[in-house]
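Side-chain atoms are counted along with the backbone in the values below, which use heavy atoms only and exclude waters and symmetry mates. Just so it is clear, the structure is predicted and the values come from calculations on it, not from any experiment.
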Amino acid sequence: MKKRIRDYGIRIGDHPAGALNKLTDVPGVRVGHYTVDTEEHKTGVTVILPCEENIFASRLTAAAFVHNGFGKTAGIPQIEELGTLESPIALTNTLNVGKVHDALVDYMVEQCERDGVELTSMNPVVGECNDASLNKITERVIGIPEVRAAIDGACRDFEEGDVGAGKGTTCFGMKGGIGSASRLVELDGKTYVVGVLVQSNFGKTKHFVLDGKPMGELLSGKIEEARKDEGSIMMVVGTDLPVSDRQLKRIIRRAGVGLSRCGSFMGHGSGDIMLGFSTGNVYRKEEDRAAAVMNEAMLDDVFEAAAEATEEAVLNSLAAAHTVTGYKGNTRYSLTDLYLKDL
């Protein structure tokens with residue numbers, strides 16, 4: 001049975017977690033995976049469905065921030081320009097971004113035809129990490145059927161670790177993957193959720209920090225060290241706070257704090273990319289409405305919550321992963337096998 005970092009007595013921060021301690025504690029959000037697990041292919045796709053409605057017709061506030069741009073993400077320019085999200089968010093491997101982009105177009109065209117919504121242009125959002133050390137990435141085995149299967153299987157209590165887009169990733173020289181966490185924040189008498197999902201594929205082994213404890217020396221004798229902070233991480237932040245896209249961008253930038261607490265300095269060869277959405281404002285074409293926004297001075301707790309949830313999401317991606325041997329016999333050992341099982 002897969003365990004999460006809290007199952008080993010490690011708790012991150014002071015804010016309470018949501019019921020599942022996952023991104024899907026944000027009401028209406030679901031996550032689905034499709035995993036390819038063969039001798040040569042350790043890869044997959046993870047799809048985040050941010051709302052239960054047709055998202056092209058009921059767009060959400062969105063933001064993006066590129067902390068270090070060694071990545072191939074699709075869809076960021078329009079998010080930056082318009083501050084809205086109009087498609088699911090998909091994560092996959094570097095060379096599959098185009099095929100997953102096509103699959104999201106097909107899916108949204110189908111949804112809009114079903115709902116009688118005219119679609120002549122759309123902005124699919126696809127993030128990626130390079131899993132070539134465990135996956136024969138040039139064969140690009142993720143396409144329309146795999147993306148559709150991930151969407152059809154989306155749920156609230158989704159798996160973490162070496163699944164979906166995290167099947168072939170490496171984090172601090174260990175087996176990385178998909179991880180998630182959430183925090184509850186009370187503002188003005190109401191409780192809101194800040195949730196994070198990561199696809200972890202970054203980090204220099206000797207810099208890894210676990211709950212404030214440097215782990216590099218312990219790990220360096222057990223695994224083949226990652227000697228550079230490279231490889232990328234996708235961080236997706238979701239919330240039900242009524243915020244503007246500018247405020248949301250301020251919030252998602254704090255995911256970098258959580259990343260640094262784990263030991264990353266976001267090196268030259270790492271694509272450290274943050275995407276965010278809020279269900280607190282919905283933009284429907286037939287409506288003319290102003291967006292509700294929080295008082296700027298109330299955001300400190302939200303910033304802290306985003307940092308905490310990101311740190312715990314990274315640690316969950318490591319704690320939930322198994323040791324994996326993939327392409328060319330390369331092996332990435334799990335944090336559980338290397339350390340956590342002895343706690």
Distance-only criterion, 3.5 Å: show the donor-acceptor pairs between side-chain atoms of residues 66-77 and protein atoms not counting sequence neighbours.
from, atom 1, to, atom 2, distance (Å)
Asn68, ND2, Gly267, O, 3.0
Asn68, ND2, His268, O, 3.1
Asn68, ND2, Ser270, O, 2.5

Taking the six-membered ring of Phe158 (Phe, Tyr or Trp), confirm whether the NZ or CZ of Arg156 is under 6.0 Å from its centre and within 45° of its axis.
->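 Because its charged atom misses either the 6.0 Å distance or the 45° angle limit, Arg156 does not stack over Phe158.
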
Residues forming a side-chain hydrogen bond (donor to acceptor under 3.5 Å, both in side chains) with Thr325, sequence neighbours excluded = Thr331

Among all residues two or more places apart in sequence or in another chain, which pass the side-chain hydrogen bond (donor to acceptor under 3.5 Å, both in side chains) test with Ser180?
->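 Checked Ser180 against side-chain hydrogen bond (donor to acceptor under 3.5 Å, both in side chains); zero matches.
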
For Tyr327 and Ala132, work out which heavy atoms get closest and say how close.
->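 Answer, listing the atom of Tyr327 first, then Ala132: CD2-O, 4.1 Å.
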
Using the test ring-ring contact (aromatic ring centres under 6.0 Å, His included), find all partners of Phe202 that sit at least two apart in sequence or belong to another chain.
->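 ring-ring contact (aromatic ring centres under 6.0 Å, His included) list for Phe202, sorted by chain: Phe172.
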
Looking only at side chains, do Thr43 and Asp131 share a donor and an acceptor under 3.5 Å apart?
->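 There is such a pair between these side chains.
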
Only distances under 3.5 Å count here; give the side-chain donor-acceptor pairs of residues 9-21 to other protein atoms, sequence neighbours excluded, each with its distance to 0.1 Å.
from, atom 1, to, atom 2, distance (Å)
His15, NE2, Glu304, OE1, 3.4
Asn21, OD1, Ser182, N, 2.9
Asn21, ND2, Glu312, OE2, 2.8

Separation between SG of Cys171 and CD of Gln199, rounded to the nearest 0.5 Å =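 With rounding to 0.5 Å, SG (Cys171) is 11.0 Å from CD (Gln199).
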
Side chain Ser232, main chain Asn201, donor-acceptor under 3.5 Å = no

Measure from the side-chain N and O atoms of Thr35 to the backbone N and O of Gly164, and report whether any donor-acceptor pair falls under 3.5 Å.
->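 Yes, the answer is positive, given that a donor and an acceptor are paired below the 3.5 Å cut-off.
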
Any side-chain heavy atom of Tyr192 sitting closer than 4.5 Å to one from Leu184?
->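 With C-beta onward as the side chain, the pair stays apart.
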
Residue among Val236, Thr239, Thr84 satisfying side-chain contact (heavy atoms from CB on, under 4.5 Å) with Phe277 | Val236

Side chains of residues 26-33: which donor-acceptor partners sit under 3.5 Å, not counting sequence neighbours?
from, atom 1, to, atom 2, distance (Å)
His33, ND1, Thr46, OG1, 2.8
His33, NE2, Glu159, O, 2.8

